[in-house]
Structures are given as C-alpha cells and as structure tokens.
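So the structure is just underneath, and the comments pick up after that.
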Number of protein chains: 2
Amino acid sequence: MGFPETFKALSDPVRREILILLKDKKLSAGDIGKHFDMTGATISYHLSQLKKAGLLFETKYKNLHLLRN
Amino acid sequence: MGFPETFKALSDPVRREILILLKDKKLSAGDIGKHFDMTGATISYHLSQLKKAGLLFETKYKNLHLLRN
DNA sequence: TTTCTATTTAGAAATTTTTCTAAATAGATA
DNA sequence: TATCTATTTAGAAAAATTTCTAAATAGAAA
C-alpha cells in the first residue's frame, strides 16, 4: 500500500467518483453501480482496486437479528 | 488543464521522478534522460505530457549575447 | 553555411488498464 | 432447504498508455 499504488488507485475518474459517492453514506456495490453506465463486474473491479489501496472499507451487514438485551 | 488531466500527468512514476529532478535545478531533456533507462524519444513524450498539464515550464537559453546597457 | 549533437515527431510494437460476458460464489428470502 | 438476487472471479476483448525505431527538425559549434 505504498504511495505509487495509492496514487494509481486515485488516478481513475470512476474510482474518484466512487469515493465521492461514499463520502457521506454507505452504499452497496449495486447502488454504486447505478451511478455508472457499466456492468457490475466492472464496478466490482474498481471497488477491488480501491480496497487494495486501502481507500475503502467493507462493512458487512450480515443477516443479524437485533435483540433487546 | 483541469484536475483530471493534472492527476493523470502525475500518475506516472517516471513523470513524478522527472518533477523531483527538476525541483531545484534546470535540466535539459538529455540530462533528464540520463537518469532513466529509456530512449530520448520516450523522455520527450513524458516531458510533453508534463508540459501539457502545465507542470513544467520550458526556459530557452537561446544563443543570446549579453550586452552591457 | 556546413556539420554535429539534441530534441521532437510519426508510426508501430509492447504493455497495462479498463471493460465486458459468462460462470461461480455469496447472501438473502420464501 | 430451495430459490432468487447481488457480487465476485476468470478470461477475453477493447481501449489507452508507454515505449521503441527511424526520420525529421532544431540548435550549437566549427
């Protein structure tokens, strides 16, 4: 995750747009995809680049049952 | 010369290295080339990219005759 | 001016990146 | 569990970028 890799990840306009979309809200891969005229596979590729560069986290909302405690 | 173009120009490691070389001294295209294992044509290409992005100036030391005034 | 050296340009080859399709996997819902 | 939807992976195609060679141009020096 050095500087050149980070720079490379940021050098693509689609990936910069994705980061902007995620600035203030969490979005699923599918919701991100709706903002672009690309296949889900391509979106997935860009997300993987951003993750590799450490510019993106993944929060899993599993099928949790919330319980009163 | 917008942001995306500037970013793109900076996204290449060779071009970043060229900018670092030029940080504190003026160098000819040939002298820049000596730092890399590339042909002069390739260096010229990178210099043109940097110029296009406005990240580089060109100072011409023409065959001037300095005169006392 | 003529010649020598440096740089740029044109066009092709090589490499890298982006994108897609199809298939596989993962996750959610009935 | 079985099925439906979402996401990822694999591999190929398309597009963009980097690099080279050869030729042209520009600049400097004799």
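Here is how names work: the chains are called A, B, and so on, in the same order as the sequence lines, proteins then strands, and each is numbered from 1.
- Taking the charged nitrogens against the carboxylate oxygens, A:Glu58 and A:Lys51 do have a contact shorter than 4.0 Å, which makes a salt bridge.
- Set against C:dT18, D:dT8, D:dT18, the side chain of B:Asp12 has D:dT18 as its closest nucleotide.
- The OH-P distance, from A:Tyr45 to C:dT16, rounds to 13 Å in whole Å.
- Listed for the A:Thr42 side chain is no donor-acceptor partner under 3.5 Å among the backbone atoms of A:Met38.
- For the contact set between residues 27-42 of chain B and DNA chain C, defined by any heavy atom under 4.0 Å, the members are B:Ser28, B:Ala29, B:Gly30, B:Gly40, B:Ala41.
- In this structure, the CD atom of A:Gln49 is 9 Å from the C1' atom of C:dT17, given to the nearest Å.
- The side chain of B:His46 contributes no N or O atom lying less than 4.0 Å from OP1 or OP2 of D:dT17.
- Rounding to whole angstrom units, CD of residue A:Glu5 and P of C:dT16 are separated by 14 Å.
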Can you list, pair by pair, the side-chain donor-acceptor contacts under 3.5 Å of residues 7-19 of chain A, counting residues two or more places apart and other chains?
from	atom 1	to	atom 2	distance (Å)
A:Ser11	OG	A:Lys8	O	2.8
A:Asp12	OD1	A:Val14	N	2.8
A:Asp12	OD1	A:Arg15	N	3.2
A:Arg15	NE	A:Ala9	O	2.7
A:Arg15	NH1	A:His46	ND1	3.1
A:Arg15	NH2	A:Lys8	O	3.4
A:Arg16	NH1	A:Leu10	O	2.8
A:Arg16	NH1	A:Ser11	O	3.4

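- By the 4.5 Å heavy-atom criterion applied to side chains, A:Phe57 and A:Leu50 are not counted as neighbours.
- When the P atom of C:dT17 is taken as reference, atom CG of A:Leu10 falls 15 Å away, rounded to whole Å.
- Rounded to a whole Å, the CD1 atom of A:Ile18 is 11 Å from the P atom of C:dT18.
- Linking Ile, Leu, Val, Met, Phe, Trp and Tyr whenever their side-chain heavy atoms come within less than 4.5 Å leaves A:Leu56 and A:Tyr45 in two separate clusters.
- B:Thr6 places a side-chain N or O within 3.5 Å of a backbone atom of B:Gly2 that can act as its donor or acceptor partner.
- Straight-line distance from the CZ atom of B:Arg15 to the C1' atom of D:dT19: 12 Å, rounded to whole Å.
- In this structure, A:Glu58 atom CD and D:dT8 atom P are separated by 6 Å, rounded to whole Å.
- In this structure, the side chains of B:Thr39 and B:Ile43 stay at 4.5 Å or more apart for every pair of heavy atoms.
- Closest of all the heavy-atom pairs between B:Leu27 and B:Leu22 is N-CD2, 3.7 Å.
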- Message: Working note: B:Asp31 + B:Ser28, criterion side chain to side chain contact (heavy atoms under 4.5 Å, CB included); need CA distance, chi angles, decisive distance, verdict.
- Response: CA-CA 5 Å; B:Asp31 286 339; B:Ser28 66; 3.4 Å; yes

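- The end-to-end axis angle of the helix from C:dT1-D:dA30 to C:dA30-D:dT1, rounded to 10 degrees and based on five pairs per end, is 30°.
- A close approach under 4.0 Å does not occur between any side-chain nitrogen or oxygen of B:Lys8 and OP1 or OP2 of D:dA16.
- In this structure, A:Ile43 places its CD1 atom 12 Å from C1' of C:dT18, rounding to the nearest Å.
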